[in-house]
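Below, chain A is the first sequence line, B the second, and so on; all start at residue 1.
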Number of protein chains: 2
Amino acid sequence: MSLPHILLGLLDEPASGYDLKKIFERALGHFWAAELSQIYPTLKQLERRGWLDVRTAPSEKGPSRRLYQRTDTGTQVLCEWLTDGPEVGTERLTWLAQVFLLSEIGGPGRALRFMIDLREAMAGRLAALRAVEAHWQSADPRYPDKLPDHGFYRHLTLQLGLSRMAATRDWCDDCIAQIRVRYQMPEEAA
Amino acid sequence: MSLPHILLGLLDEPASGYDLKKIFERALGHFWAAELSQIYPTLKQLERRGWLDVRTAPSEKGPSRRLYQRTDTGTQVLCEWLTDGPEVGTERLTWLAQVFLLSEIGGPGRALRFMIDLREAMAGRLAALRAVEAHWQSADPRYPDKLPDHGFYRHLTLQLGLSRMAATRDWCDDCIAQIRVRYQMPEEAA
DNA sequence: TTAGGCATGTAAGGTGTTACATGATTGC
DNA sequence: GCAATCATGTAACACCTTACATGCCTAA
């Protein structure tokens, strides 16, 4: 159970479900995805438990916005979750499972195609992350050395994301090279 | 939907649900986890669809083993899944979400404690992966340069796992150092 | 006028976890 | 005798995805 806690964590300041979805995409996209259809019911549940407060504010376009914010009880629950220590060992990297099984794809040409596509996907995600960093840098003069606490920890996760993404892209390049050598596929024949 | 495909991929050679669980722990543990209570029903489902065959073999200890193996139809389904290209963007790293929210944990002492625990967890997982590598090396004289196709791709995933795990551990060290500097916590006072 | 962004949600179904249930054998 | 390993599963619940439903406002 983590999405409720993440929402709790993000709701230090008031935000709507729709806002939260955008925060996920921008800031947490490289390690967590959440759909609106999951966010909305979860927010209601957290409100029923008394961990969030709601107020309604009119919107300029579309239906009125429901702005949620963490209560003191909510803060306590969040703090307990964090204090329980890191939750590791539940990672699920589908694309890596696919590489693991790539000998079954039906020939080195297809395996190479797969790795090239994977490399492009990683390069794209890396570019998106770099755009997030560039945007942050230009929007906040305190970036990166004088951030407040909450920015400090978020910055640490961004740094890990950037280095993991770059390392994974480089690994893809290495795999591509190894496949070409192993099956004698010169680059011009790809 | 990926677990069915992964099971299909592993069932090139006959294995029981129990065997598969151990294969998960050893070989795929760094990027996928699966419980027996999920594996057993999934295998039955795959058999009903005609993607797996079963035969029963007596066991020396405990109930008789149900040995599953991929059919030709199963191979085709697996191949289609792989040919559809890499599935990216569904990663969920709970511990990284926790770091993202670490300013709410209630003081830098606790944040430091969290990062030290995370570092230890990563170091442990890295050691486990290195043990897998060492075992493979000593058990197969073809390791690492003369492996058959199926070992070749598995080796690529192991390499990525080793480098990611080491990089993440190093990032933890870096975070720990940054927290100490930021909050003026000398190492001897930890 | 139509596509896209804003903003809310529900329903159905698939995926995954935790707890429970059974029972034999091996090693301490 | 007790715990661990072998080996199978079921049931209840929690989590997540996909598809559907509604309706306003803005810009091309």
- Message: Quick check: on DNA chain D, is the nucleotide nearest B:Lys22 upstream (toward 5') of the one nearest B:Tyr68, or the reverse? Name the residue that is more 5'.
- Response: B:Lys22
- Query: Distance check: side-chain N/O of B:Tyr40 vs OP1/OP2 of D:dT8, anything under 4.0 Å?
  - Reply: yes
- Query: How are the rings of B:Tyr143 and B:His155 set to each other: parallel, tilted or perpendicular (split at 30° and 60°)?
  - Reply: perpendicular
- Note on the structure: Atom CG of B:Leu43 and atom P of D:dT8 are separated, to the nearest Å, by 9 Å
- A:Ser59 has its side chain closest, among C:dG16, C:dA19, C:dA7, to C:dA7
- So does B:Lys44 get a side-chain nitrogen or oxygen closer than 4.0 Å to the phosphate oxygens (OP1/OP2) of D:dG9? yes
- Residue pair A:Pro41/A:Arg65 against DNA chain C: nearer the 5' end by closest nucleotide is A:Arg65
- Query: D:dA7 P sits how many Å from B:Lys21 NZ, rounded?
  - Reply: 15 Å
- Message: Using whole Å, what does the distance between atom P of nucleotide D:dA7 and atom CG of B:Asp19 come to?
- Response: 7 Å
- Count the heavy atoms of every other residue, nucleotide or ligand shown that sit under 6.0 Å from CZ of A:Arg26, and state whether that count exceeds 12. no
- Note on the structure: note: A:Arg66, atom CZ; C:dG9, atom P; distance rounded to Å ~ 5 Å
- Query: Which pair of non-hydrogen atoms, one from B:Met165 and one from B:Arg125, has the smallest distance, and what is that distance?
  - Reply: CE-CB, 3.9 Å
- Task: Check the distance between C:dT17's C1' and B:Arg92's CZ and give it to me in whole angstrom.
- Result: 15 Å
- Spacing between B:Arg55 atom CZ and D:dA7 atom P, to the nearest angstrom: 14 Å
- Message: Base, sugar-phosphate or nothing for A:Ser64? Non-hydrogen atoms, less than 4.0 Å.
- Response: sugar-phosphate
- Message: Let's see if you can work this out: which of C:dG9, D:dT10, C:dT17 has an atom nearest to the side-chain heavy atoms of B:Gln38?
- Response: C:dT17
- Determine whether any donor atom in the side chain of B:Ser16 lies under 3.5 Å from an acceptor atom in the base of D:dT8, or the reverse, and answer yes or no. no
- Task: Calculate the interatomic distance between B:Glu35 atom CD and C:dT17 atom P; express it in whole Å.
- Result: 6 Å
- Task: Measure up the A:Tyr183 and B:Tyr153 rings against each other and bin them: parallel (under 30°), tilted (30 to 60°), perpendicular (over 60°).
- Result: parallel
- Message: Does B:Thr42 contact C:dT15 through a side-chain donor or acceptor facing the base, at a distance under 3.5 Å?
- Response: no
- Message: Whole angstroms only, please: what is the CD-C1' distance between B:Gln45 and D:dG9?
- Response: 16 Å
